[in-house]
Amino acid sequence: MNIYESVKKQDAISPGHRACAGCAMPIIAKTILSVVDGPVVVSNATGCMEVTTTIYPHSAWNVPWIHNTFENAAATLSGVETAYRALKKRGKITQDFKFIAFGGDGGTYDIGLQSLSGALERGHDFTYVVYDNEGYMNTGGQRSSATPFAANTTTDPVGKVRKGKQEWRKDLLKIAAAHGIKYAAQASISNIPDLLMKAKKAIETKGPTILLILSPCVALWKYPTDKTVEIAKKAVDSNFWPLYEIENGYIKLNYDPKDRKIPVEEFVKLQGRYSHLLKEENKPLLEKLQKQIDEEFEKIKKLSESGLQVF
Amino acid sequence: MRKALTGAYAAAEAMRQINPDVVAAYPITPQTPIMERFAYFVNNGLVDTELIRVESEHSAMSAVVGASAAGARAMTATSSVGLALMFEVVNVASGLRLPIVMNVVNRALSAPINIHGDHSDSMACRDAGWIQIYSENPQEVYEHTLLAIKLSEDHDILLPSMIMQDGFITSHSVEPVDVLDDEVVKQFVGEFKPKHSLLFDKNPLTVGALELYDYFFETKRQQEEAMNVVKQKYYSYAEELSKLTGNKYPMVEKYFLDDAEVAIVALNSAVSTTKVVVDRLRAEGKKVGLLKIRLFRPFPYEEVQDALKNVKFVGVLDRSFSFGADAPVFAEIKNALYDLEVKPKLQSYIFGLGGRELYERDIENAFNQLLSGDVSKEKRYLNLRE
């Protein structure tokens with residue numbers, strides 16, 4: 001599957017859905033589902049994707065789709081996948097199905113982590129895709145454990161004594177990889193060939209796999225609708241969002257910007273949620289963000305170069 | 001064939017014979033022996049069900065919702081706080097009209113934590129849109145599980161069912177249970193035919209869409225209508241099962257009620273204890289009777305009214321509170337009698353919370369109060385230190 005073949009396929013989500021102009025989430029869903037050739041069932045956590053694609057009596061989905069609740073996209077899909085195996089064993093189904101779950105960061109890092117962990121441990125044959133917009137954006141931009149350091153959210157706002165989130169984000173990909181799954185990868189809509197390659201690997205790998213994809217949010221990262229891909233690219237080029245895979249326990253860095261690396265300020269200055277970081281008085285916060293990003297990236301790079309089986 | 005089974009094993013035996021496509025379950029006392037027994041069946045090839053050993057009850061219900069929506073016959077079982085944990089998805093199962101069948105082994109809700117039987121768990125789910133059937137003993141657990149499959153899977157119904165039994169008292173007590181031949185059960189439950197399926201439908205199915213104020217209300221109205229259909233179709237399935245077992249499954253069961261002056265209303269295992277007391281008091285010439293509630297959702301108001309219309313004093317036994325209001329069974333009985341010109345006088349009795357024993361003498365005391373016309377608007381408590 002290359003980018004030309006990908007765009008020629010019928011979209012799994014049809015036009016007319018209600019996602020915001022410039023939202024990254026439909027790009028993520030379409031690109032990933034373009035990789036699937038045969039029948040597929042999609043499970044969706046409560047969130048932007050579910051709300052904007054299925055307001056009854058309409059549905060944007062051209063593939064079978066189920067939404068159960070906020071925290072159980074993985075458990076629900078494990079039921080669907082198990083039903084498929086049971087019915088196949090009993091000769092009622094002959095086709096080969098694929099199973100893909102989509103959850104936002106709230107439904108995955110936070111409230112759905114147990115459900116995901118259980119499904120990964122049990123070894124169901126499915127791919128879990130996180131569209132990570134770094135907060136509860138469907139409900140107006142509340143803090144999640146995926147929200148990055150110093151970001152402004154409604155439940156951890158920039159105030160006089162506490163300036164946004166003070167904690168670093170949870171390292172979901174490595175938590176997932178620690179379950180001993182065969183494939184886990186972080187990707188971005190700014191690099192579609194890389195995303196397609198990872199989607200194909202994840203979906204074709206037997207057993208549970210996970211894709212973690214940054215999903216810039218026009219409404220609550222607060223930037224113009226035409227800047228989504230640019231912001232996603234700056235996240236990658238600043239090492240805020242490194243592109244890497246964990247395959248059979250080995251970490252592989254897919255892209256090192258090296259001398260093209262930009263300061264994180266270039267990424268944050270485009271976004272209203274970080275506007276406070278540009279003030280002189282908040283320079284220490286920006287420096288801390290830069291330092292943490294650099295440390296995180298160096299860790300991944302060293303592990304990638306080490307050739308060690310980490311998980 | 002007659003087998004020595006606990007209530008839990010009776011549920012597992014029914015599940016073995018039903019041989020569902022998918023079971024997802026999580027252990028919790030006192031439900032655990034259902035899951036353990038079923039896992040034994042799976043791991044020894046006595047069923048070819050796919051068993052998902054989930055990491056919580058929330059995921060158990062989530063997985064059976066997924067499996068059922070996919071077009072599989074799916075079952076689970078739970079107790080107490082496990083049912084409370086799955087409560088969110090319990091409502092999804094009924095809202096999506098999925099014919100899931102679940103055995104509930106009744107146990108008190110925390111706090112204080114307590115592993116013994118009362119009905120606070122299933123009564124907390126009485127408005128969750130599930131068919132609710134209460135079982136007096138292991139025999140009924142077995143038969144109700146079969147009956148529930150037929151009711152739930154009827155395409156005019158498509159509502160999930162929960163079958164209740166008392167924790168430990170029923171779930172862990174061995175009784176003789178008459179079990180049908182495997183082939184007879186297979187014929188009775190038949191092949192599962194989903195109305196819609198994620199895997200089978202030609203047009204891609206969207207399950208669980210967002211509905212706002214323009215459609216949500218109509219969807220919920222249809223759920224209420226499905227409950228009405230349960231009442232209409234209940235007896236055809238009950239009679240079909242009766243032909244196989246020789247037992248009867250009235251929505252409410254009358255025991256020495258026809259000429260009774262006073263009566264007690266009960267469900268689950270308290271029914272058996274009350275029957276013993278009725279037998280003894282009848283031998284003494286006292287006109288006492290019993291009304292057993294089998295079907296609690298949908299609630300058989302007309303049947304209750306008809307059964308109690310000539311009784312002067314009625315005591316209603318509840319094994320749970322509705323704090324600050326009439327207890328769940330009592331409230332329904334009172335509702336059922338409202339339309340009578342001459343209404344029986346009522347007394348609410350609360351008993352057995354957290355597994356507290358219900359002795360024959362407690363029931364006898366209640367009968368004696370009713371016989372002397374001693375009733376009040378206040379709740380009374382059996383075997384409680386005040």
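Each chain gets a letter, A, B and so on, in the order its sequence line appears, and its residues count up from 1.
Looking at B:Val64, there are no atoms closer than 4.5 Å to chain A (heavy atoms on both sides), in backbone or side chain. Only the side chain of A:Leu87 comes within contact range of chain B, with heavy atoms under 4.5 Å apart. In this structure, no portion of B:Asp201 lies under 4.5 Å from any heavy atom of chain A. Within the 4.5 angstrom heavy-atom criterion, atoms from both the backbone and the side chain of B:Leu198 approach chain A. Heavy-atom distances place both the backbone and the side chain of A:Asn68 under 4.5 Å from chain B. Only the side chain of A:Val41 comes within contact range of chain B, judged by heavy atoms closer than 4.5 Å. With a 4.5 angstrom heavy-atom cutoff, B:Thr49 touches chain A via backbone and side-chain atoms both. In this structure, no portion of A:Glu121 lies under 4.5 Å from any heavy atom of chain B.
Annotation: the span from B:Leu96 atom CG to A:Ile66 atom CD1 amounts to 6.5 Å, rounded to 0.5 Å. The line from OH of A:Tyr56 to CG of B:Leu212 is 12.5 Å long, rounded to the nearest 0.5 Å. Within the model, atoms CD of B:Glu50 and OH of A:Tyr84 stand 12.0 Å from one another, a figure rounded to the nearest 0.5 Å. Separating the OG1 atom in A:Thr82 from the CD1 atom in B:Ile52 is a distance of 3.5 Å, to the nearest 0.5 Å.
For B:Lys186, the NZ atom sits in a loose shell: 12 or fewer heavy atoms of surrounding residues, nucleotides or ligands are nearer than 6.0 Å. Heavy-atom contacts from other residues, nucleotides or ligands closer than 6.0 Å to NZ of A:Lys89 number more than 12. More than 12 heavy atoms of other residues, nucleotides or ligands shown are found within 6.0 angstrom of NZ on A:Lys88.
Chain A forms more heavy-atom pairs under 4.5 Å with one residue of B:Ala67, B:Ala72, B:Ala60 than with any other, namely B:Ala67. Taking B:Ala70, B:Ser56, B:Ala24, B:Ala209 one by one and counting their heavy-atom pairs under 4.5 Å with chain A, the maximum is reached by B:Ala209. Between chain B and the options A:Ser59, A:Ser43, A:Pro39, heavy-atom pairs under 4.5 Å are most frequent for A:Ser59. Options A:His67, A:Glu50, A:His124 differ in how many heavy-atom pairs under 4.5 Å they form with chain B, and the most are formed by A:His67.
When every heavy atom of B:Asp21 is checked against every heavy atom of A:Ala86, the shortest pair comes out as O-CB, 3.4 Å. Of all heavy-atom pairs spanning A:Pro64 and B:Pro204, the tightest one is N-CB, 3.6 Å. Minimum interatomic distance between B:Phe200 and A:Ile93 (heavy atoms only, all atoms of both residues): CE2-CG1, 3.4 Å. The minimum heavy-atom distance linking B:Ser62 with A:Asn72 is given by the pair OG-ND2, 2.8 Å. Among all heavy-atom pairs drawn from A:Arg122 and B:Arg53, the shortest one is CD-O, 3.5 Å. In plain terms, the two heavy atoms of B:Thr206 and A:Trp61 that are nearest each other are OG1-CB, 4.2 Å.
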B:Glu191/A:Lys92 under salt bridge (Lys or Arg N to Asp or Glu O under 4.0 Å): CA gap, chis, key distance, verdict = CA-CA 11 Å; B:Glu191 191 100 333; A:Lys92 292 183 179 175; 3.4 Å; yes

Let me see the working for B:His58 and A:Thr69 under side-chain contact (heavy atoms from CB on, under 4.5 Å), right down to the final yes or no.
-> CA-CA 10 Å; B:His58 196 282; A:Thr69 69; 4.0 Å; yes

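Inspection of the B:Glu55 and A:Ser117 side chains reveals no N or O donor paired with an N or O acceptor under 3.5 Å.
At least one side-chain heavy atom of A:Phe97 sits under 4.5 Å from a side-chain heavy atom of B:Leu199. A 4.5 Å side-chain heavy-atom check between A:Arg90 and B:Asn19 finds at least one atom pair inside the cut-off.
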